Every structure is written in structure tokens, then in C-alpha cells.
Amino acid sequence: MYENAFNKIERDLRAEEGIANELDYVEQTSWVLFLKYLHDLETERSDRAELDGEDYTPIIDGEFRWDKWAAPRKDGDFDHNSARIGDDLINFVDQELFPYLASFRQSATSPDTINYKIGEVFNELRNKFRSGYILRDVLEQIDSLSFGTQEERHELSSLYETRIKRMGNAGRNGGEYYTPRPLIRAMIKVTDPKIGETIYDGAVGSAGFLCEAYDYMRTDKLSASEFETLQTKTFYGQEKKGLAYIIGIMNMVLHGIEAPNLVHSNTLNENVMDIQEKDRHDIILANPPFGGGERREVQQNFPIRTGETAYLFLQHFIRKLRAGGRAAVVIKNTFLSNTDNASVALRKELLEAAELHTILDCPQGTFQGAGVKTVVLFFEKGAPTRDIWFYQLDPGRNMGKTNPLNDADLAEFVDLQRTRPNGPKSWIVNRADLDDETFDLSVKNPNAPEAEALRSPETIIADMLARDAETAGILENIRGML
């Protein structure tokens with residue numbers, strides 16, 4: 001239903017000088033969508049209050065309401081005479097609207113409120129539209145979208161996810177925000193979150209883990225109090241980068257979470273030794289950024305000091321997890337076997353502080369554009385590791401942009417993980433059999449068919465000489481026939 005509107009917006013943005021790439025497209029579409037969503041939310045709340053005989057105080061008021069500046073109406077119809085356009089529209093957005101919305105961060109009563117989230121978003125954002133005529137066209141297209149029903153929000157979220165995925169494929173920075181959704185869904189099925197448990201992602205990006213977890217947990221059988229818990233006391237995340245934070249907020253909103261509990265901050269600035277029980281969560285789902293090169297002052301927040309960003313996040317997650325809590329974390333496969341001090345110390349800590357029960361070995365190409373192989377670590381906080389079930393994912397094809405990972409590829413893993421059997425692609429390693437010096441966890445499938453032994457160089461050379469002699473004899477016979 002909304003595909004044509006999104007395509008029209010995309011065509012408009014191609015003509016806008018201020019929109020340079022897919023990242024700009026998602027960012028600029030996000031703030032307009034966000035304001036339309038807020039307007040629909042406020043309209044719904046106002047109507048509900050009126051039915052209950054109560055007063056409603058709007059969050060956004062006066063000339064800054066959507067139906068005053070973006071889509072003014074007269075007698076129910078769009079009022080072209082009072083609609084700002086051209087330079088008037090751009091000046092209003094830059095000089096009045098954005099400063100007004102940014103001020104909400106100071107006036108909000110708590111960081112948990114939607115008012116504070118509005119202030120955060122518009123402190124980070126800059127309007128990149130230069131043409132007030134193109135912006136007017138985009139506003140009218142987005143005004144035609146409705147957030148009124150779950151079906152409408154589902155379609156909008158699906159379209160928005162498509163744009164996030166394209167943004168992720170557009171470049172390295174965008175790729176940090178997108179984890180293949182089939183992999184996320186498999187991680188969620190294994191951890192199996194329940195109503196009343198809290199779910200946390202300290203490197204939230206586009207909030208794919210939290211959105212998919214919401215979809216997994218939201219059913220028609222939930223009571224009103226369970227749904228309220230799901231909405232307000234279940235999903236938590238932190239994000240350092242401004243654009244990712246904005247996209248994460250918008251993605252959660254489109255999935256139906258009215259006031260996302262996302263915090264705009266650098267998770268690694270938090271000293272892990274200061275984490276208390278009240279700060280911990282039942283489930284952690286995350287794909288922290290690889291590489292990095294974190295500064296020394298950041299490394300000092302961790303007992304195992306390293307410049308590798310993902311290793312710092314893993315230490316954070318171990319301490320952020322509540323006793324008995326469950327985690328699924330994506331990490332480079334080199335973590336399993338690197339011999340540097342930080343890698344060895346971190347493997348030792350993970351094995352002692354948690355039960356690392358499953359390692360999913362992902363094939364090359366799982367993450368489009370990434371040059372590294374990855375694994376998913378599944379662990380439970382509390383008792384130390386006893387044995388580890390490895391599963392080597394093999395979709396039977398080379399994966400890429402036109403042949404990405406899908407849910408069917410992961411179905412066997414999810415099914416077998418419940419019983420953790422031995423098989424052609426799975427095996428168990430006992431903790432007692434690990435080297436106590438290196439704690440090496442390399443993926444070495446003992447059940448894989450043995451590869452045919454390679455020939456020695458001497459044998460290869462002898463075969464080549466024999467074939468050369470045979471060829472020479474054939475040529476001599478042919479010459480004799482001439």
C-alpha cells in the first residue's frame with residue numbers, strides 16, 4: 001500500500017542537492033516520518049482522553065504541530081494557501097522548528113520520556129533539504145501515510161528496514177548498522193525471551209535485535225499489563241553514533257514501541273566495575289562493532305585492556321548480564337584462536353564466568369561487504385562452562401548481495417540446538433579438553449568428511465615429466481606419418 005509513496009519520496013530525494021547518498025536518504029526520511037508518527041500518536045491520545053472525559057496536553061503545540069506547518073488543513077482538505085513552500089519552508093524548519101524540538105532535551109522531566117527522545121533526535125539532526133519545493137513534495141507524501149493500525153505500522157517498518165539494509169550495503173559506516181535479520185531471528189529463538197525479562201543491546205545500531213525481539217514476544221494472547229510491560233519495561237539499548245541512534249529510535253517506533261528506551265551515549269565510557277545489580281539485564285543480544293582502536297582512557301574502564309572494540313563490548317556484556325541471564329553475541333571468529341594476551345584472558349574469563357554452551361560458526365558472506373568471518377557466542381551467566389556445542393553453518397552456496405542468508409538456512413541449527421547432537425556439521429568440545437594455557441576454541445569439525453590427501457611436490461613433478469614424455473612420443477609418431 002505504501003510502496004508507491006516511498007518510491008516517490010526516493011525519486012524526489014534524488015533531485016535534492018543536499019541528499020548525497022543512502023545514509024542521507026534514511027536520515028532525512030527518518031525525521032519527517034518521526035514527526036508524522038508523533039502527530040498520529042498525539043491525535044490518538046487526544047481522542048482517547050476526550051472519550052474518557054479527561055484533558056490532554058500535547059507534546060508538540062502551536063505552529064509546530066504537523067497539521068499547522070507540514071500539512072495544514074481547512075474544512076478537512078489540504079490548505080495550499082497557508083502551506084509554507086520554497087525558502088519560507090526551509091527557513092521555518094531550520095530556524096524555528098528544529099531549535100524548538102531540540103529544546104525538549106532540557107525541558108523533559110526524565111531521559112525515559114518521549115519528550116527527551118525528541119530533544120535528543122533533533123539535537124543530533126540537521127535538515128539537509130535545500131529546496132523547499134522538494135521538501136513540500138516529501139511532506140505531502142509522508143502525510144498520506146498512516147500509523148493507525150498494527151498492519152500499517154508493519155508495512156511501514158518493512159519498507160523502512162529495506163532502506164536501512166540498502167544503507168548498510170552502501171558503505172562501511174552504514175554497514176555497522178545492519179545485521180542480517182535471519183541471523184537475528186535465530187539468535188532470538190535460541191535465547192527465547194519471555195514477558196517480564198529485560199533485553200539489552202549496548203551497540204544498538206538500527207535496533208534490529210530489539211525490533212525482532214519485540215515481534216517475537218508480541219502475541220495476541222498478551223494481557224493489557226503484559227503488553228504494557230513489553231512496551232515500557234523490556235527493551236533497552238545504548239548507541240554512540242548520532243545517525244544510528246536516530247535510525248534505531250525510528251525503527252522501534254515503526255515496529256510499534258511508542259517510547260523506546262534508547263540512550264545516546266558511548267557504552268564503553270562506562271567502567272564495568274561500577275555496574276550494579278540494578279543495571280543488569282536478563283537477555284543480551286548484540287553485534288558489537290569490530291576493529292576500533294579504542295583510546296587508553298576508554299580501555300581503563302575494563303580489567304582486560306585492549307584496543308579491540310568488540311573485546312571491550314564482550315567484557316561489558318558479561319558484567320551486564322544478570323545471574324541466570326542468557327546472551328547471544330556476534331564476534332569475529334579470530335577471537336576463538338588469537339594468541340595475544342587479551343584474547344586468551346577474555347576466553348578464560350568467558351569460560352569461567354558463564355556457561356558458553358553454543359558456538360555458531362557463520363560462513364563467509366554472512367555479512368555483506370565484510371571481509372571477516374564471524375561466530376555467534378551463546379552463553380548463560382552463572383556456572384562455568386562444561387561443554388560447548390559447535391555448529392558449522394553451511395548453506396551449500398556462496399552467499400552475497402543476490403544470495404543472502406535466509407531463515408531456511410538457519411532452521412536446522414535452531415532445531416538441533418535444543419538437543420545439541422553430534423552430526424556432520426555439529427560436535428561437542430569438553431571444557432576439560434581445552435588447553436589451559438591458550439583456551440583455544442578454534443572451529444575444527446571432527447565429523448567433516450576427510451579431504452583427499454594432497455600429492456607431494458615430487459609426485460606432481462614426476463607426473464608432469466611422464467606426461468611430457470608421453471606427449472613427445474605422440475608428436476614423434478605423428479611426424480613419422482607425415
Side-chain angles (χ1 to χ4, degrees), residues 41 45 110-114 116-117 150 153-154 157 179 181 183-239 248-249 251-263 265 267 270 272 274-288 313-314 316-330 353-358 376-383 414 417-418:
L41 177 65
R45 288 180 173 178
S110 164
D112 296 334
T113 62
I114 195 167
Y116 188 88
K117 302 293 187 294
Q150 185 63 29
R153 282 196 294 268
H154 178 76
S157 67
T179 304
R181 292 330 185 228
L183 180 61
I184 291 177
R185 287 190 283 270
M187 292 164 68
I188 291 168
K189 288 172 184 174
V190 170
T191 52
D192 191 24
K194 307 293 187 187
I195 299 294
E197 294 182 318
T198 60
I199 302 171
Y200 171 73
D201 182 353
V204 80
S206 62
F209 285 99
L210 301 184
C211 290
E212 289 290 344
Y214 176 80
D215 288 344
Y216 177 83
M217 298 172 75
R218 187 185 186 280
T219 69
D220 295 334
K221 298 178 182 178
L222 296 182
S223 67
S225 63
E226 287 174 331
F227 183 70
E228 179 68 16
T229 296
L230 190 65
Q231 275 279 334
T232 61
K233 298 177 183 177
T234 300
F235 305 103
Y236 298 85
Q238 296 188 159
E239 175 54 46
I249 288 274
N251 204 17
M252 291 182 74
V253 159
L254 286 173
H255 275 78
I257 303 168
E258 291 187 1
N261 294 311
L262 300 189
V263 177
S265 67
T267 300
E270 181 179 1
V272 294
D274 294 337
I275 295 174
Q276 301 176 29
E277 184 59 28
K278 65 180 178 62
D279 305 317
R280 295 190 171 98
H281 296 278
D282 300 293
I283 291 177
I284 289 173
L285 300 164
N287 175 19
F313 269 106
L314 186 54
H316 173 82
F317 293 144
I318 292 171
R319 287 163 178 79
K320 199 79 171 175
L321 198 59
R322 191 166 287 147
R326 311 179 297 285
V329 178
V330 180
E355 183 181 2
L356 175 63
H357 57 80
T358 299
V376 184
L377 309 175
F378 295 86
F379 54 93
E380 185 171 325
K381 181 79 169 285
V414 172
Q417 198 281 330
R418 298 184 183 96

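The structure presented is a predicted model; accordingly, all values stated were derived computationally and were not measured.
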Check your understanding: Would you call Arg326 and Glu380 a salt bridge, using N to O less than 4.0 angstrom?
Key -> no
Exercise for review: Using a strict cut-off of less than 4.0 Å between a Lys/Arg side-chain nitrogen and an Asp/Glu carboxylate oxygen, indicate whether Glu228 and Lys233 qualify as a salt bridge.
Suggested key: no
Grab the two heavy atoms, one from [X] and one from [Y], that are nearest each other, plus how far apart they are.
X: Pro193; Y: Ile188; result: CD-O, 3.5 Å
X: His255; Y: Asn251; result: ND1-O, 2.9 Å
X: Asn261; Y: Phe235; result: CB-O, 3.1 Å
X: Tyr200; Y: Lys320; result: CE2-CG, 3.6 Å
X: Asp282; Y: Gly196; result: OD2-O, 4.2 Å
X: Glu197; Y: Thr234; result: O-CG2, 3.5 Å

Point to revise | Parallel, tilted or perpendicular: rings of Tyr236 and His281 (30°, 60°) | key: tilted
Review point. Is there a side-chain contact (heavy atoms from CB on, under 4.5 Å) between Ile275 and His316 once you walk through the steps?
Key: CA-CA 9 Å; Ile275 295 174; His316 173 82; 4.1 Å; yes
At what distance, to the nearest 0.5 angstrom, does [atom1] of [X] lie from [atom2] of [Y]?
X: Leu222; Y: Thr229; atom1: CG; atom2: OG1; answer: 9.5 Å
X: Met252; Y: Leu254; atom1: CE; atom2: CG; answer: 11.5 Å
X: Ile184; Y: Leu285; atom1: CD1; atom2: CG; answer: 8.5 Å
X: Leu377; Y: Phe317; atom1: CG; atom2: CZ; answer: 11.0 Å
X: Asp201; Y: Phe313; atom1: CG; atom2: CZ; answer: 8.5 Å
X: Met217; Y: Glu226; atom1: CE; atom2: CD; answer: 9.5 Å

Does the [X] side chain pair with the main chain of [Y], one donor and one acceptor, at a distance under 3.5 Å?
X: Glu212; Y: Met187; answer: no
X: Gln238; Y: Gly202; answer: no
X: Asp279; Y: Gln276; answer: yes

Review point. Given the rule in the side-chain contact (heavy atoms from CB on, under 4.5 Å) test, do Arg322 and Glu277 qualify, once you have shown the distances and angles that lead to the verdict?
Key: CA-CA 7 Å; Arg322 191 166 287 147; Glu277 184 59 28; 3.3 Å; yes
Is any side-chain heavy atom of [X] less than 4.5 Å from a side-chain heavy atom of [Y]?
X: Glu355; Y: Lys381; value: no
X: Leu41; Y: Arg45; value: yes
X: Ile283; Y: Lys194; value: no
X: Phe378; Y: Leu356; value: no

**Study point:** Leu262/Leu210 under side-chain contact (heavy atoms from CB on, under 4.5 Å): CA gap, chis, key distance, verdict
**Key:** CA-CA 10 Å; Leu262 300 189; Leu210 301 184; 3.8 Å; yes
**Study point:** Chi angles and distances behind the side-chain contact (heavy atoms from CB on, under 4.5 Å) call for Val329, Val376
**Key:** CA-CA 5 Å; Val329 178; Val376 184; over 6 Å; no
Practice item. Could you tell me whether the side chains of Thr179 and Asn287 share a donor-acceptor contact shorter than 3.5 Å? Key: yes
